[in-house]
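Because only heavy atoms are used, hydrogens play no part in the values below, and waters and symmetry mates are left out as well, while side chains stay in.
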Amino acid sequence: MLSNQLEAYRTVQKTTLSGRELEASVLTKAALSLQQCQNNWDTPDRDILLEKAVKYNQTVWTFFQSELSKPDNPLPKKLRENIISLGLFVDKQIIQILAFPSPDKLSIIVNINLNLAAGLRGSPG
């Protein structure tokens, strides 16, 4: 029952959030999933949690890079280029995490995601 209520809330939230709020929410979720891995690094299911969190982060950043690469994207060109560069940096960090897992390596992506989310919300990081 609670699961159905939570899913209903998430559905309503997705349909009522603005584009920026939705992007901030997705980045925050991605950061928190990595942070959960970091905080529970020594648990037996770490590899499963890490894989899920990393895949989610990859999906988020791939989507951003794809949207920002479109010629009709309304953001200023320089801002698009900067965020795409940031996405490429995140991609490299994710590859490093997958190749040589370490909880310390997650911090940079968590910080990037949370700071970008804060910027989208118009609040200080």
Side-chain angles (χ1 to χ4, degrees):
M1 177 81 171
L2 183 60
S3 176
N4 289 340
Q5 292 171 336
L6 183 58
E7 192 55 42
Y9 172 78
R10 286 182 180 150
T11 301
V12 169
Q13 185 182 25
K14 286 178 191 173
T15 59
T16 59
L17 292 177
S18 74
R20 291 183 123 204
E21 290 169 333
L22 181 58
E23 290 167 346
S25 176
V26 167
L27 283 164
T28 301
K29 179 180 175 183
L32 294 177
S33 68
L34 289 173
Q35 207 166 43
Q36 181 184 13
C37 290
Q38 198 173 34
N39 294 341
N40 298 294
W41 193 257
D42 294 325
T43 61
D45 61 344
R46 178 200 72 211
D47 291 339
I48 295 167
L49 289 172
L50 182 62
E51 181 180 350
K52 186 176 178 181
V54 167
K55 281 185 178 182
Y56 186 76
N57 271 273
Q58 281 180 311
T59 301
V60 168
W61 281 97
T62 299
F63 176 78
F64 284 152
Q65 291 170 7
S66 173
E67 288 298 309
L68 292 166
S69 297
K70 293 181 179 178
D72 63 342
N73 187 291
L75 290 176
K77 183 179 180 187
K78 187 65 177 167
L79 179 58
R80 288 192 331 253
E81 290 171 348
N82 288 341
I83 298 172
I84 289 170
S85 292
L86 190 59
L88 294 173
F89 174 80
V90 169
D91 289 343
K92 289 177 185 176
Q93 294 301 309
I94 286 173
I95 290 169
Q96 284 294 313
I97 291 166
L98 291 172
F100 307 102
S102 166
D104 299 335
K105 293 178 183 177
L106 302 176
S107 296
I108 188 74
I109 301 173
V110 169
N111 289 334
I112 289 170
N113 287 357
L114 291 177
N115 283 307
L116 191 53
L120 288 165
R121 288 186 178 106
S123 60

Close side-chain approach of I94 and I109, heavy atoms under 4.5 Å
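I94 vs I109: side chains touch.
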Sequence neighbours left out, what passes side chain to side chain contact (heavy atoms under 4.5 Å, CB included) with [X]? Give chain and number order.
{"X": "T28", "result": "L32, L114, A117, R121"}
{"X": "K29", "result": "Y56"}
{"X": "L79", "result": "L75, P76, I83"}
{"X": "N39", "result": "Q35"}

Which atom names give the shortest non-hydrogen contact between Q38 and P103, and what distance separates them?
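In terms of heavy atoms, the two residues are closest at NE2-O, 2.7 Å.
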Grab the two heavy atoms, one from L34 and one from L106, that are nearest each other, plus how far apart they are.
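Smallest interatomic distance, heavy atoms only, reads O-CD1, 3.5 Å.
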Test salt bridge (Lys or Arg N to Asp or Glu O under 4.0 Å) applied to K52 - qualifying residues, sequence neighbours left out
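Checked K52 against salt bridge (Lys or Arg N to Asp or Glu O under 4.0 Å); zero matches.
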Please set out all donor-acceptor pairs under 3.5 angstrom arising from side-chain atoms of residues 41-50, sequence neighbours excluded.
| unit_1 | atom_1 | unit_2 | atom_2 | d |
| --- | --- | --- | --- | --- |
| T43 | OG1 | N40 | O | 2.8 |
| T43 | OG1 | D45 | OD1 | 3.0 |

Any side-chain hydrogen bond (donor to acceptor under 3.5 Å, both in side chains) involving residues 81-104? Give me the pairs, sequence neighbours left out, ordered by first then second residue.
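Listed by first then second residue: Q65-D91.
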Nearest-0.5 Å distance, CG of residue N57 to OG of residue S33
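One finds 5.0 Å between CG of N57 and OG of S33.
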Distance (rounded to the nearest 0.5 Å) between K55 NZ and T62 OG1
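Here the interatomic distance stands at 12.5 Å.
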Would I95 end up clustered with I97 when hydrophobic side chains under 4.5 Å apart are linked, directly or stepwise?
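No; I97 is not reachable from I95 via cluster members.
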Pairs in or reaching into residues 56-69: which pass salt bridge (Lys or Arg N to Asp or Glu O under 4.0 Å), with residues at least two apart or in two chains?
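Residue pairs with at least one partner in residues 56-69: E67-K70.
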Name all residues meeting the side chain to side chain donor-acceptor pair (under 3.5 Å) criterion together with S66; count only those two or more places apart in sequence or in a different chain, and write none if there are none.
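Not a single residue meets the side chain to side chain donor-acceptor pair (under 3.5 Å) criterion with S66.
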Listing request: all ring pair (Phe, Tyr, Trp, His ring centres under 6.0 Å) pairs with a residue in residues 64-120, at least two apart in sequence or in separate chains.
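Matches after skipping sequence neighbours: W61-F64.
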